[in-house]
Amino acid sequence: MRTPETAYDRRRLRQWLAGEARADGVSRRDMLRLLAAAGGALAVPAGFNTPAAAATSPGIVKPLPDEWFTVRGTNAETRFASLAGTGYHTPVDHFFVRNHTSTPVLDAADWTLTVHGDGLVHGRAVEFSLDDLKRFPAVTRTAFVECAGNGRSYFSSQQGQTVSGTAWTLGAIGTARWRGVRLADVLRRAGLDRAAVDVMPRGLDAPYVTADGTDLGRVRRPLPLSKALDDVLLAYEMNGEPLPYDHGHPVRVLVPSWVGIASVKWVGDIEVSAQPLYSPWNTDFYRLFGDSYPPGGSAPLTRQTVKSAWELAWGASLDAGREHRLTGRSWSGGGGIVRVDVSTDGGARWRRARLHDAGRRDGWVRWSTDWRPPAPGPYSLLARATDRAGRTQPDTTVANTQGYLFDAVVRHPVTVV
Ligand SMILES: Nc1nc2c(c(=O)[nH]1)N[C@H]1C(S)=C(S)[C@@H](COP(=O)(O)O)O[C@H]1N2
Ligand SMILES: [Mo]
């Protein structure tokens, strides 16, 4: 959060350019396209961020109109206000993007998935093409993908704490209809050994280099076999379309209800291991560190917490004396949302919001409340959700150094005029 944005962008752009040269699975044609986009020498595909924007290009392929996104380094956050009226499933053109480096433009025809490791029978690696995957029974599932750091900026702005990482507000989440195959089916076909314990998917995007220059390798994070065999998908469609470039084309892992990092995009190989596996993404990152946690950090993060967001601009203006229908969404990794309470007076009085969806596991609910602001002035809008497991948003979140899993009620300022 403290890194100057321009230096950050410049470093990421260099990393992006360097990364292309060794991005496995990127066809020559796509390499040329990417180089063209960065250098401006050749035509670029429609929708690619243009060379004029290259100095601050986040390395995201789809357009990022200002009304829908806030660009944060290599990432794009959805503006919650822009979700009003978009329906239950987040349209791809509104869906947030979280990239450690940049989107690799992969060709589905060249793509393969290698499943390997000593957790397979005879330790024999097995390769699958996209057509091979499509021969498994297809499964469709609605689920959100949410970054573990969603809401991180409120640790500082609301709780006065310093945390590291992308300063998301609440828009590092989207809900889509995913179609693909069960990871369990693919692992069993590959020949799962009884000794297998961990499964580690790895992305085909460029290796991730930290601010101090350490190359951490490609994004990869182990999943316990129990979760891998439960509800995890290898998804090749999002909202009825082939998976878009920025969201993992041609295939991503989809781990419902868990921190977004588990849902590895552009998956190229999956290691199945008879020993527990470690990567930077389940040791140094995606655990809770800080005064309230053990020195080695908490256990690796799994489920997301409970959150709520208003579909309203930060500091929006509302007319006094007129009735407004205010809308928002709430979600939890711990089960469907069963109740949302709202306050328009900074938390003095609360009432129930009207829920427009049945609370479902892995999804969110849309809600609304009508409000006639009595008089001009500043107001704080609050929303507090409760999930089926009885988990309710607290007033404050216990701090952790990397600002993960913010779940406190956010105080959303508006001005009544
Ligand atoms: N290969 C790869 N997979 C990845 C990432 C990445 O940078 N590379 N980012 C992860 C993180 S931190 C999140 S929150 C989600 C974001 O998914 P989205 O960009 O489709 O919204 O992807 C995850 N999968
Ligand atoms: Mo994330």
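Quick note: residue numbers are just sequence positions, from 1. Just so it is clear, the model here is predicted, and its values are computed rather than measured. Indexing begins at 1, ligand by ligand and atom by atom, following the structure's order.
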Among protein heavy atoms, which sits nearest to atom 23 (C) of ligand 1, and what does the distance come to when rounded to 0.1 Å?
Gly260 O, 3.3 Å

Can you list the atoms of ligand 1 that are under 4.0 Å from a heavy atom of Ser263?
22 (O), 23 (C), 24 (N)

Counting from 1 in the order shown, the ligand 1 atoms closer than 4.0 Å to a non-hydrogen atom of Trp266 are 1 (N), 2 (C), 8 (N)

Which ligand 1 atoms does Val97 reach within 4.0 Å, using its non-hydrogen atoms?
19 (O)

Salt-bridged, Asp66 to Arg79, with N to O below 4.0 Å?
yes

Could you name the option among Asp246, Asp205, Leu254 that has the heavy atom nearest to atom 1 (N) of ligand 1?
Asp205

Just by distance, no angles: are the side chains of Asp387 and Ser332 close enough, under 3.5 Å, to form a donor-acceptor pair?
yes

Relative to the heavy atoms of Asn99, which atoms of ligand 1 are at a distance of less than 4.0 Å?
7 (O)

Could an N or O of ligand 1 be found under 3.5 Å from any N or O of Thr101, whether backbone or side chain?
no

Would you call the rings of Trp281 and Phe285 parallel, tilted or perpendicular, taking 30° and 60° as the class edges?
tilted

Under 4.0 Å, counting heavy atoms only: does Gly174 come that close to any atom of ligand 1?
no

Output yes when Arg98 and Glu77 qualify as a salt bridge under the 4.0 Å nitrogen-oxygen rule, no when they do not.
no

Heavy-atom proximity to atom 14 (S) of ligand 1 ranks first, among Cys147, Pro244, Ala206, Pro104, for Cys147

Using a strict 4.0 Å cut-off to heavy atoms of Tyr286, name the atoms of ligand 1 that fall inside it.
12 (S)

What pair of heavy atoms forms the shortest contact from Trp266 to Leu106, and how long is it?
CB-CD1, 3.9 Å

Under 4.0 Å from one or more heavy atoms of Val145, ligand 1 contributes atoms 17 (O)

Phe95: numbered ligand 1 atoms lying under 4.0 Å from its heavy atoms:
21 (O)

Looking only at the side chains, is there a donor atom on one of Trp367 and Ser330 sitting less than 3.5 Å from an acceptor on the other?
yes

Quick one: nearest non-hydrogen protein atom to atom 21 (O) of ligand 1, plus distance?
Phe96 O, 2.7 Å

State whether Asp131 and Lys134 are salt-bridged, where the test is any N-O pair (Lys NZ or Arg NE/NH1/NH2 against Asp/Glu carboxylate O) under 4.0 Å.
no

Check each atom of ligand 1 against the heavy atoms of Gly203 and keep those under 4.0 Å away; list them by number with element.
1 (N)

Given side-chain hydrogen bond (donor to acceptor under 3.5 Å, both in side chains), test Ser102 with Asn99 step by step and report yes or no.
CA-CA 6 Å; Ser102 64; Asn99 281 351; over 6 Å; no

Who gets closest to atom 17 (O) of ligand 1 by heavy atom: Arg98, Arg252, Glu77?
Arg252

Do Ser368 and Arg354 meet the criterion of a side-chain donor-acceptor pair at a distance under 3.5 Å?
yes

Nitrogen or oxygen of Lys265 less than 3.5 angstrom from that of ligand 1
yes

Can you tell me if Trp281 contacts ligand 1 (heavy atom of the residue under 4.0 Å from the ligand)?
no

Whether Arg384 and Asp395 form a salt bridge (side-chain N of Lys/Arg under 4.0 Å from carboxylate O of Asp/Glu) is what I want to check.
yes

Relative to the ring of Phe95, is the ring of His247 parallel (under 30°), tilted (30 to 60°) or perpendicular (over 60°)?
perpendicular

